[in-house]
Amino acid sequence: MRVTTSMMMESSKYNLMANKAMQDRLYTQGSTHKKIIRPSDDPVIAIRALRLRGTLNELTQYLERNVEDADAWLDVTHDAVKATVDVLDKFKAACVGIGGKGTEATMEDRQNALESIQALRDQIYDNGNADYSGRTLFTGYRTGTALSFKEETTDHYKIPVSFTAEDIEQIDYIQGKLDLNNPSQDWDDIVGIVDMTEAYRIRLPYGDLMATPPTIEIDGNPVTPIVTSIAGGGAAQDAAYAPADNAIHYIPETGELILGKDIKDNMEKMEVTFEKEKWAKGDLRPEHYFAGCESITRDVQYDTAAADQKMEYDVSFNQRLQINTTAEELFTHDIGRDVDELANAVQAALDCEEKIKKLEAMKNDPNADQAKVEKMLEAANKEMNYHVEKITRMFNTEIGKADEYYARANKAQARVGGRGERVDIVRSRLTDQYASFEDLASENENIDIEKVAMDLMQADMIYNSALLAIGKIANYSLLDYI
């Protein structure tokens, strides 16, 4: 085969351009520190780079956004829960302080303790409105709604709630209280009429309810309650706490269902739907607690309660973590209801104390029927003894309840702390993963600069040698050999 000068020049030019392309690739790698510029340079490296970069992007999302947001939420929640635990500790101490005095405590002692407990109750519910970046912490998905009403309002709600036989409470009721302003009072046996009896009740989550009879089902059977108002006091109030054996009295003012003996003995489960439209500042909003609660005013039905609304963050690959603490874990209706009942009991005792003072003053009135005054004073003192006994028992009972509330809050605090530890563990693992994948991505995409520098020097040498060789070949032609 004949090799012409033209063929030699074309071949030399082709090889020279190949060397130049090699130089260009090495120069580009040296300036960018990357092995490839376009996917076609090395499809295997390109595909691996896409996968590694995708993983790094996911790790960045988890590490710098999800985990950090979850950690911040848990930090704020921990502070709110800890504050609530501290308040409940003081609540318990106040109950123990007054309960420990027993019958030796004066009414002033009890009133001071009650005022302290009321302030602590308000603080507990205020803690429930804590928020993170404008989102309330304890209200499940409804982060735009506070846990409690921030002002007095009228919003008509229908609220369903379930009870079991374990929810039935035995309470003390003082009947036949002396009424100095009642001219029809039975003065003949005024002392014997005053008595402390037992009643059985189910306490609804709220007081000051509508007089509309609630819908009640006991073990699947509908029961119609008897609405009995106690606004007038006296005999009507006594009758409210003494239902017939097969009857239920509904007291809207106190939010109580007073059960007859037969119902108390045979009930296993009760479903109640009651209505309320007057709300005081600090009342817990029912939509956070009762699934199926309905706002008639706003025509809204809440299918799920906050307890069923668990907020979860994706904190790692195939790993979700609940970050929210629900309202019922900390802020129960019982705390407020207990304090309100203590307040009513203390106020009743203070009213009785005022009656005794008036009767003591009447003993010095020469125009008063002293025999009648003595009877009334004996009845008032008997009533006062019952009040003291009842209040003492209530404060002692509240000590046990305060222990339960405190233990409940401690469990919630422990759960928040455990979630925070899990976030720390996930953060540490993600940090290690990120470093590992960053190294893999670097090894896959980045050049060894020392090796590229050596290859570039070699490419320069080859290119220059090629130029010299081509230059010599170009000086000769066929005529030089004829």
Inset, instruction - Give a yes or no on whether a salt bridge exists between Glu378 and Lys375, defined as a side-chain N under 4.0 angstrom from a carboxylate O. - result: no

Legend entry - Flag if over 12 foreign heavy atoms under 6.0 Å of NZ, Lys82: no

Inset, instruction - Output yes when a side-chain donor or acceptor of Thr297 lies under 3.5 Å from a complementary backbone atom of His156, and no otherwise. - result: yes

Inset, instruction - Taking atom CG of Asp299 as the centre, report whether more than 12 heavy atoms of other residues, nucleotides or ligands fall under 6.0 Å from it. - result: no

Inset, instruction - Would you kindly say whether Tyr302 and Arg285 are connected by a side-chain donor-acceptor distance under 3.5 Å? - result: no

Legend entry - Electrostatic pair Lys158-Glu287, nearest N-O below 4.0 angstrom: no

Inset, instruction - Assess the side chains of Gln309 and Thr304: does a donor N or O sit below 3.5 Å from an acceptor N or O? - result: yes

Inset, instruction - Verify whether one side chain among Glu329 and Thr326 offers a donor that lies under 3.5 Å from an acceptor in the other. - result: yes

Legend entry - Residue pair His78 / Asp75, side-chain heavy-atom distance below 4.5 Å: no

Inset, instruction - Report the C-alpha distance between His387 and Lys177 in whole Å, list the side-chain angles of each, state the deciding distance to 0.1 Å, and finish with yes or no for side-chain contact (heavy atoms from CB on, under 4.5 Å). - result: CA-CA 11 Å; His387 281 301; Lys177 299 183 187 73; 4.2 Å; yes

Inset, instruction - Given side-chain hydrogen bond (donor to acceptor under 3.5 Å, both in side chains), test Asn127 with Gln123 step by step and report yes or no. - result: CA-CA 6 Å; Asn127 289 342; Gln123 183 59 50; 3.0 Å; yes

Legend entry - Donor-acceptor side-chain pairing of Ser295 and Asp155 below 3.5 angstrom: yes

Legend entry - Qualifying salt bridge (charged side-chain N to carboxylate O under 4.0 Å, His left out) pairs with a residue from residues 114-130, counting only residues at least two apart or across chains: Arg121-Asp340

Legend entry - Pair Phe290 + Tyr157: ring centers closer than 6.0 Å: no

Inset, instruction - Would you kindly say whether Glu275 and Thr212 are connected by a side-chain donor-acceptor distance under 3.5 Å? - result: no

Legend entry - Asp334 CG to Glu398 CD distance, which is reported to the nearest 0.5 Å: 9.0 Å

Inset, instruction - Would you please indicate yes or no on a ring centroid separation below 6.0 angstrom for Tyr125 and Phe331? - result: no

Inset, instruction - In plain terms, say whether Arg427 and Asp432 are close enough for a salt bridge, that is, a side-chain N and a carboxylate O under 4.0 Å apart. - result: no

Legend entry - Over 12 foreign heavy atoms within 6.0 Å of CD, Glu268: no

Inset, instruction - Report, as yes or no, whether the 6.0 Å neighbourhood of atom NZ on Lys278 holds more than 12 heavy atoms from other residues, nucleotides or ligands. - result: no

Legend entry - Reported CG-to-OG1 distance for the pair Asp89 and Thr84, which is rounded to 0.5 angstrom: 12.5 Å

Inset, instruction - Quick one: pull up OG1 in Thr60 and CZ in Arg53 and give me the separation to the nearest 0.5 Å. - result: 12.5 Å

Legend entry - Side-chain donor-acceptor contact under 3.5 Å, Arg429 with Gln319: yes

Inset, instruction - I would like to know whether Glu354 and Lys357 meet salt bridge (charged side-chain N to carboxylate O under 4.0 Å, His left out); could you show each step before the answer? - result: CA-CA 5 Å; Glu354 286 298 315; Lys357 290 179 181 178; 3.8 Å; yes

Legend entry - Parallel, tilted or perpendicular: ring planes of Tyr132 versus Trp73, cut at 30 and 60 degrees: perpendicular

Inset, instruction - Mark yes or no for whether Arg419, through its side chain, and Asn324, through its backbone, hold a donor-acceptor pair below 3.5 Å. - result: yes

Scan the side chains in residues 224-239 for donor-acceptor partners under 3.5 Å anywhere in the protein, sequence neighbours excluded, and list what turns up.
{"unit_1": "Ser229", "atom_1": "OG", "unit_2": "Ala231", "atom_2": "N", "d": "3.2"}
{"unit_1": "Ser229", "atom_1": "OG", "unit_2": "Glu253", "atom_2": "OE2", "d": "2.4"}
{"unit_1": "Asp238", "atom_1": "OD1", "unit_2": "Tyr173", "atom_2": "OH", "d": "2.6"}
{"unit_1": "Asp238", "atom_1": "OD2", "unit_2": "Gly176", "atom_2": "N", "d": "3.1"}

Inset, instruction - Establish, from distance only, whether the side-chain atoms of Glu217 and Asn221 form a donor-acceptor pair under 3.5 Å. - result: no

Inset, instruction - Indicate whether the side chain of Tyr313 and that of Asp69 have a donor and an acceptor atom separated by less than 3.5 Å. - result: yes

Inset, instruction - I would like to know whether Arg51 and Thr55 meet side-chain contact (heavy atoms from CB on, under 4.5 Å); could you show each step before the answer? - result: CA-CA 6 Å; Arg51 290 174 178 170; Thr55 301; 5.5 Å; no

Inset, instruction - Would you kindly check if the NZ (Lys) or CZ (Arg) of Lys264 is within the cone defined by 45 degrees around the ring axis of Tyr200 and under 6.0 Å from the six-membered ring centre? - result: yes

Legend entry - Glu341 with Arg201: basic N within carboxylate O range, under 4.0 Å: yes

Legend entry - Flag for Thr136-Thr139: side-chain donor and acceptor within less than 3.5 Å: yes

Legend entry - Distance, nearest 0.5 Å, that separates NZ of Lys90 from CG of Leu88: 11.0 Å

Inset, instruction - Can you establish whether the number of heavy atoms outside Glu166 located under 6.0 Å from its atom CD is more than 12? - result: no

Legend entry - Distance, nearest 0.5 Å, that separates CD of Glu198 from NZ of Lys261: 12.0 Å

Inset, instruction - Evaluate salt bridge (charged side-chain N to carboxylate O under 4.0 Å, His left out) for Lys363 paired with Glu374, printing each intermediate quantity in order. - result: CA-CA 8 Å; Lys363 289 175 66 176; Glu374 285 295 336; 3.8 Å; yes

Legend entry - Derivation and outcome, side-chain contact (heavy atoms from CB on, under 4.5 Å), residues Val161 and Phe163: CA-CA 7 Å; Val161 61; Phe163 300 98; 3.4 Å; yes

Legend entry - Pair His333-Tyr289, side-chain donor/acceptor within less than 3.5 Å: no

Inset, instruction - Locate the shortest heavy-atom distance separating Phe395 from Val346; write the atom from each residue and the value. - result: CE1-CG2, 4.4 Å

Inset, instruction - Using distance alone, with no hydrogens and no angle criterion, decide if Tyr241 and Glu256 have a side-chain donor and acceptor under 3.5 Å apart. - result: yes

Inset, instruction - Measure the spacing between CD of Glu294 and CD of Gln301 and express it to the nearest 0.5 Å. - result: 5.0 Å

Legend entry - Residues Glu271, Lys269: salt bridge by 4.0 Å N-O rule: yes

Legend entry - Whether over 12 other heavy atoms sit under 6.0 Å from Arg320 CZ: yes

Inset, instruction - Could you walk me through whether Lys150 and Asp283 pass the salt bridge (charged side-chain N to carboxylate O under 4.0 Å, His left out) test, one step at a time? - result: CA-CA 8 Å; Lys150 295 187 176 181; Asp283 282 344; over 6 Å; no

Inset, instruction - Show your working on side-chain contact (heavy atoms from CB on, under 4.5 Å) between Met270 and Val272 and close with a plain yes or no. - result: CA-CA 6 Å; Met270 178 186 287; Val272 182; 3.5 Å; yes

Inset, instruction - Side-chain contact test, heavy atoms from C-beta onward, threshold under 4.5 Å: evaluate it for Ile216 versus Leu257 and give yes or no. - result: yes

